[in-house]
Amino acid sequence: MPKRIVTTSENVSHKKQKTFHWSSGLVQAVQNPELLVLSDDLVYVIKDKYPKSQCHFLIICKKDIGSLSDVKIEDIDLLKHMNEMAEKMKKSNDEYRSFNVGYHAEPSMSRLHLHVISDDMDSSHLKTKKHWNSFTTEFFISSEVVIENLIKNKKVILPSKEECRKFLELPLKCHKCDFKPKNMPDLKKHIVNHC
DNA sequence: GTTCTAGAAC
DNA sequence: GTTCTAGAAC
């Protein structure tokens, strides 16, 4: 995929060009009408560009918060609002039986974002063990748990870098039963045919 | 976050 | 020989 080049104001200078880094992709994505679902004073809701289930939204705050590690106690109402928006998205997409709502412990992309993901985990974009484990292990922290964590600790206490790495490297396991696939293709066949 | 691909695993 | 994973990307 070619890097997206954008020019500065009015394109006056040919020298002043900037290439966005991939980690700011979400802040770009909210400007994409094909991805943006809705927004209000506090958040954007977008369709994940590479959904890891049949239905996968991101609730992205408008406030410039990088990630959970930057969240302050004063942001508690914002996190509650993001959770309420997630509930709204669940209700308006209830043809998908159930959803998981939570944050990645160590996200790759900045701007705090809450995942609302149907629990089928059936998607052509779900390709790697890291993808799988990021939604099916403790690397994925439920929205309610994050809110309780913030209230109790006045900040969000997260797993260490080493713990995160450990979660992502856990052996593959079906999220609905005890099946232990030998590899990703094995797992993907299992979740569509058996679970 | 994804893409690409070398070399491991089969 | 083909499938699959895991690390680099300036």
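Quick note on labels: first sequence line is chain A, next is B, and so on, each numbered from 1.
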Send over the distance from [X] [atom1] to [N] [atom2], rounded to a whole Å.
X      : N      : atom1 : atom2 : answer
A/K188 : C/dC4  : NZ    : P     : 12 Å
A/L172 : B/dA9  : CG    : C1'   : 15 Å
A/N133 : C/dA6  : CG    : P     : 11 Å
A/W22  : C/dC10 : CH2   : P     : 14 Å
A/E169 : C/dT5  : CD    : C1'   : 12 Å
A/H125 : B/dG1  : NE2   : C1'   : 12 Å
A/N183 : C/dC4  : CG    : P     : 6 Å
A/I60  : B/dG1  : CD1   : C1'   : 12 Å

Base, sugar-phosphate, or nothing: which does [X] touch, judged by heavy atoms less than 4.0 Å apart?
X      : value
A/K52  : sugar-phosphate
A/H21  : nothing
A/P185 : sugar-phosphate

Q. Taking NZ, NE, NH1 and NH2 as the nitrogens, is one of them in A/R165 or A/E162 under 4.0 Å from a carboxylate oxygen of the other?
A.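 The answer is no: the pair does not qualify as a salt bridge.
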Q.
Under a 4.0 Å threshold between the charged nitrogen and the carboxylate oxygen, would A/D64 count as salt-bridged to A/R111?
A.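 Salt bridge flag = yes for A/D64 with A/R111.
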(Q) Any side-chain N or O of A/H113 below 4.0 angstrom from OP1/OP2 of B/dG1? (A)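 Result: no.
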Q: Scan for side-chain hydrogen bond (donor to acceptor under 3.5 Å, both in side chains) pairs involving residues 65-84 of chain A, sequence neighbours excluded, and state none if there are none.
A: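 Matches after skipping sequence neighbours: A/D40-A/H81, A/K63-A/D75, A/S67-A/S69, A/N83-A/S143.
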Q: Output the single nucleotide from B/dG1, B/dT2, C/dC4 whose closest atom is nearest the side chain of A/H131.
A: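 Ranking B/dG1, B/dT2, C/dC4 by closest atom to the A/H131 side chain puts B/dT2 first.
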Q | Proximal nucleotide (of C/dC4, B/dG1, B/dT3) relative to the A/K127 side chain | A |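 Side chain of A/K127 sits closest to B/dT3.
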Q) Closest heavy-atom contact between A/S160 and A/E163? A)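 Answer, listing the atom of A/S160 first, then A/E163: N-OE1, 2.8 Å.
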Q. If you count the non-hydrogen atoms of other residues, nucleotides and ligands that lie under 6.0 Å from NZ in A/K155, is the total more than 12?
A.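 Result for NZ/A/K155: open.
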Q: Sort out the partner of B/dG1 for me: Watson-Crick or G-U wobble, both distances under 3.5 Å, none otherwise.
A: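 The base-pairing partner of B/dG1, which may sit in any strand shown, does not exist here.
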